[in-house]
Amino acid sequence: MKELVLTRTHYAGSLSPNNIGNSVCIAGWVDVRRDLGGLIFIELRDSSGKIQLVADPKGNKAVHDIFSTLKSEYVIIAQGKVSKRPDGSNNAENKTGAIEIYPDQVQILNTAKLLPFQFSEAEKVDEALRLKHRFIDLRREQMQYCLNLRHKVTHAIRSYLHTQGFIEVETPILTKATPEGARDFLVPSRLNPGTWYALPQSPQLFKQTLMISGVDRYYQIARCFRDEDLRADRQPEFTQVDLEMSFTDEDQVMAITEGMLKEAFTVAGIDVKPPFTRMPYAEAVDKYGNDKPDTRFDLTIKDLTSLALTCNFKVFRLVAENGGKLKGLCLPANLAQNISRKQIDNWQEFAKNCGAKGLAWIVFSEAPIRSSGIAQHFSPEEIKEMMRLASADNGDMLLLVADNQAQVANVLGRMRLHIGEELKLIDESKHNLLWLYDFPAFEYSEQDKKMQAVNHPFTSPKMEDIDLLEKEPLKCKARAYDIIYNGVEIGGGSIRIHNRQLQERAFKAIGIDDETAKEKFGFLLDALESGAPPHGGLALGLDRLVMLLAGRKSIRDVIAFPKTQSGACLMTQAPSSASAEQLAELNIEFKKTKVNNVPVHNSSAIVMLFVGLLITLLLTACGSFKTATDYLIAGREYFKAGDYKAAEKDFREALKREPKSATALNNLGVVLNELEKYDEAIDVLQQAIVVDPKNAIAPRALSTAYLAKQMNKEALLYAEKTMELAPSELSSHQALSDALLANKEYKIAIDEYRYLLEADADDDTLHEKLGEALMGAGEKDAALAQWKKAIEINPQNNAAKQKLEQAKKTN
RNA sequence: GGGAUCGUAGCUCAGCUGGUUAGAGCGCCUGCCUGUCACGCAGGAGGUCGCGGGUUCGAGCCCCGUCGGUCCCGCCA
């Protein structure tokens with residue numbers, strides 16, 4: 001590689017028509033080469049942007065020769081005059097699209113091998129590939145933007161906090177394990193065998209100590225570590241903007257945070273106006289079902305417990321009588337009318353996955369009310385009351401969940417977000433910042449069977465609730481606050497306890513006795529007695545904040561070198577094993593928990609392989625010898641072509657060769673159905689089920705055969721079996737719906753036909769059958785409409801015509 | 001710990017209830033081309049179908065296991 005003979009004078013993105021005529025020298029990567037045979041265009045990219053270079057063979061031959069060897073991502077430096085592009089060749093899309101450079105000197109500084117992925121496709125490339133080649137991924141404009149934005153945000157925050165009198169203090173990374181909270185990362189101490197440092201989950205105790213040390217206002221862009229399972233918004237190491245102030249209260253901390261966030265948002269081009277809205281915790285849980293409400297859309301949760309208590313519907317009343325709640329979400333008519341049965345099914349499934357026992361629904365209207373079967377349990381007056389409590393009008397749809405208070409909030413809270421997203425109710429242009437306050441100080445952990453702090457045990461209870469610490473800790477509120485941005489918690493904090501006696505009482509409330517407290521937090525208790533000022537603060541999740549500001553879906557995109565969900569760094573291959581020497585030095589012995597016993601090939605397997613090979617050879621050698629499969633394939637061809645008799649013949653041949661082939665039996669059964677030989681079909685298909693009880697084809701065909709023989713109960717039985725085996729297949733639903741109709745189960749049949757019509761709305765037979773089901777259910781008008789629709793789609797549908805005629809006559 | 005989902009050419013994906021020689025677009029290579037800007041045109045190369053078992057005469061497809069990615073629950077502020 002040649003020595004660097006040129007020196008960079010400008011950045012590509014900084015050039016503009018103002019530079020026309022200037023001699024400049026720029027350096028960067030070859031973004032793209034466009035070789036026209038004569039002219040060669042190079043787009044040169046550096047951290048600031050792109051600029052087009054041109055080589056003309058009739059101009060500088062040497063430069064043109066170099067240009068013809070350039071490939072993507074080569075690193076070059078070029079010197080030349082900035083010139084105006086010829087008229088008509090400007091590129092308005094590009095900032096530097098009106099200018100270009102004809103270099104008189106170019107040097108290749110480095111070559112590059114073929115990239116593992118193209119930049120243009122990077123956003124949809126498998127993330128593992130991007131992470132493995134992170135050095136290339138970060139080169140992309142989008143990633144550069146994220147890195148830049150993150151820098152600008154932290155810079156703005158530092159600058160703001162500096163002006164507000166905060167000083168940045170670094171706290172230890174090697175520190176002490178804490179009993180509460182997340183799992184710690186441990187680091188062995190070589191100098192003290194058998195003892196361990198822990199990486200900090202946050203600098204909480206240090207920053208409180210700093211307050212006691214007389215640091216008036218502290219902040220730190222602090223790395224934190226938690227050894228818990230990862231998510232799209234959770235990494236094992238992450239960054240907090242951690243701050244603490246002495247002689248302060250909630251309002252001051254909130255005001256500082258608001259000022260800080262305003263600066264951070266400004267950097268991302270978003271204008272937010274403090275003071276932000278404040279909402280008590282209880283209201284959030286009540287109306288939004290969680291402690292991080294997304295207020296960008298309405299659809300709040302309504303309480304109908306009072307109705308549940310007085311109504312006759314046992315399912316609801318029992319829940320209410322046992323202290324549970326009946327709550328619901330009310331979809332306005334304009335949304336409700338577009339909700340399909342399938343969508344409701346999905347919601348019910350969703351609710352169950354959230355842990356709900358069920359999701360009831362009802363659509364209000366004048367006369368027949370559509371519902372999940374609950375409407376009939378309520379009198380017209382009760383329906384009215386229901387509408388009043390839910391502030392519902394006719395046409396609105398109410399989704400109801402009855403359960404204990406926490407479960408109802410959980411299910412409806414998630415349901416609300418799910419529906420909000422699905423129906424696109426969220427106003428993406430909004431930037432809602434919201435304070436949540438009046439948190440409970442403690443909660444009961446079902447898992448650990450003990451009381452624990454909601455925030456952390458250093459949070460001060462509200463003054464008026466201090467006596468509740470011992471009496472009713474669950475009713476004790478904390479001086480804590482969270483900051484929520486568009487339904488995401490981006491930070492939280494509290495006013496701390498600054499008095500030893502109170503701190504000890506708080507520890508006791510969560511079962512930490514004096515001894516444990518002294519062992520784990522002795523220094524803090526000591527410090528609290530040594531002139532601790534009142535203090536409080538907050539921590540902001542920087543990764544999450546930047547992720548949201550950058551419009552990204554994962555914090556991995558705003559962390560330069562993130563870990564995968566299993567905690568690995570695909571670029572460095574961390575974590576990796578340590579050498580025996582290293583471990584010995586640390587007095588650590590690794591205990592293997594699981595050894596994978598890989599089964600070894602045995603000789604019989606190899607023999608089998610040879611036998612298989614021989615048979616294959618034999619079979620190919622005698623071409624005249626036809627196998628069962630040959631017949632099956634041929635039979636299917638005939639079947640597809642509609643020649644059922646020929647198909648039947650081939651399937652029988654196949655069956656002769658393999659009498660226990662479920663495939664052959666199935667095929668024969670199906671073709672016999674087509675030939676209307678139902679008795680034999682039934683016989684054959686029953687055999688198929690014995691051979692392969694898990695195949696869905698046989699029961700489906702059996703259902704058809706029984707239906708044809710008007711053995712309706714049997715037909716329904718096998719249709720249901722088909723649904724069990726292949727619930728997602730339309731043909732299963734088809735079989736079921738036909739069987740249901742034959743058995744006069746009109747209501748379910750109606751649902752099934754409607755479901756099928758969602759898949760294919762232009763199937764006239766489906767409309768015709770739906771009509772019949774509707775007729776059976778007594779909905780004459782709806783039935784007539786379906787038949788008309790069927791005839792409209794297929795004027796040859798005589799069955800529909802007949803039914804329509806007949807219905808009109810009986811009218 | 002659990003659930004869902006993905007893994008086929010360098011990349012993104014298709015691959016029919018298991019059946020001849022596994023395809024497409026982009027990229028790459030070669031040739032042609034003087035105003036391109038996702039340049040264009042013509043041709044070409046490129047595959048242990050993640051890995052290991054099993055079922056089968058036959059597996060990219062079915063079954064079991066395993067590794068890896070992603071999303072979620074639990075866990076975690």
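Throughout, protein chains are lettered first and strands after them, A, B, ... in sequence-line order, and every chain is numbered starting at 1. No experiment lies behind these values; they were computed from the predicted model shown.
- If you check distances only, the side chain of A:Arg85 does reach the base of B:C37 with a donor-acceptor pair under 3.5 Å.
- Remark: the A:Arg226 side chain and the B:C76 base include no donor-acceptor N/O pair separated by less than 3.5 Å.
- Comparing the same atom, C1', in B:C39 and in B:G27 gives a spacing of 16 Å after rounding to whole Å.
- Put simply, the side chain of A:Arg234 and the base of B:C75 share a donor and an acceptor less than 3.5 Å apart.
- Nucleotides B:G46 and B:C29 are separated by 16 Å at their P atoms, to the nearest Å.
- Looking at A:Ser554 and A:Arg552, their side chains never bring a donor and an acceptor atom within 3.5 Å of each other.
- Side-chain atoms of A:Arg33 and base atoms of B:U36 include no donor and acceptor less than 3.5 Å apart.
- Within the shown strands, B:U70 is the pairing partner of B:A4 under the Watson-Crick or G-U definition, both distances less than 3.5 Å.
- Comparing B:C11 with B:C49, their P atoms are spaced 15 Å from each other, to the whole Å.
- Here A:Leu129 lies in heavy-atom contact (under 4.0 Å) with sugar-phosphate atoms only.
- Scanning residues 113-123 of chain A for heavy-atom distances under 4.0 Å to RNA chain B yields A:Leu114, A:Pro116, A:Gln118, A:Glu121.
- Residue-to-nucleotide contacts include a donor-acceptor pair under 3.5 Å from the side chain of A:Arg231 to the base of B:G74.
- Nearer to the 5' terminus of RNA chain B, by closest-nucleotide assignment, is the contact made by A:Lys124 (compared with the other of A:Val54 and A:Lys124).
- Here the separation of B:G2 from B:C64, taken at their P atoms, is 16 Å to the nearest Å.
- For B:C16, there is no paired nucleotide, since no Watson-Crick or G-U wobble pair has both relevant distances below 3.5 Å.
- Nearest nucleotide to the A:Asp56 side chain, out of B:U12, B:U34, B:C37: B:U34.
- Rounded to the nearest Å, the gap between the P atom of B:U56 and that of B:C75 is 46 Å.
- Of the N and O atoms on the side chains of A:Glu349 and A:Asn346, not one donor lies less than 3.5 Å from an acceptor on the other residue.
- One finds the CG atom of A:Asp294 at 9.0 Å from the OH atom of A:Tyr288 (value rounded to the nearest 0.5 Å).
- Below the 3.5 angstrom threshold, one finds no donor paired with an acceptor across the side chain of A:Glu228 and the base of B:G74.
- B:A9: no Watson-Crick or G-U partner with both key distances under 3.5 Å is found in any strand.
- Distance check on atom C1': B:U8 versus B:G60 gives 7 Å, rounded to whole Å.
- Each of A:Lys553 and A:Leu39 has a nearest nucleotide on RNA chain B; the 5'-most of these lies closest to A:Leu39.
- Regarding A:Phe439, its CZ atom lies at a distance of 14 Å from the P atom of B:A77, rounded to whole Å.
- Within 3.5 Å, a donor on the side chain of A:Asp229 pairs with an acceptor on the base of B:G74, or the reverse.
- Straight-line distance between the C1' atoms of B:C71 and B:C37: roughly 38 Å, to the nearest whole Å.
- For A:Phe439 and A:Tyr281, the gap between ring centers is short of 6.0 Å.
- A distance of about 28 Å separates the P atoms of B:U5 and B:U48, rounded to the whole Å.
- Pairing for B:C33 is absent, with no Watson-Crick or G-U wobble pair whose two atom distances lie under 3.5 Å.
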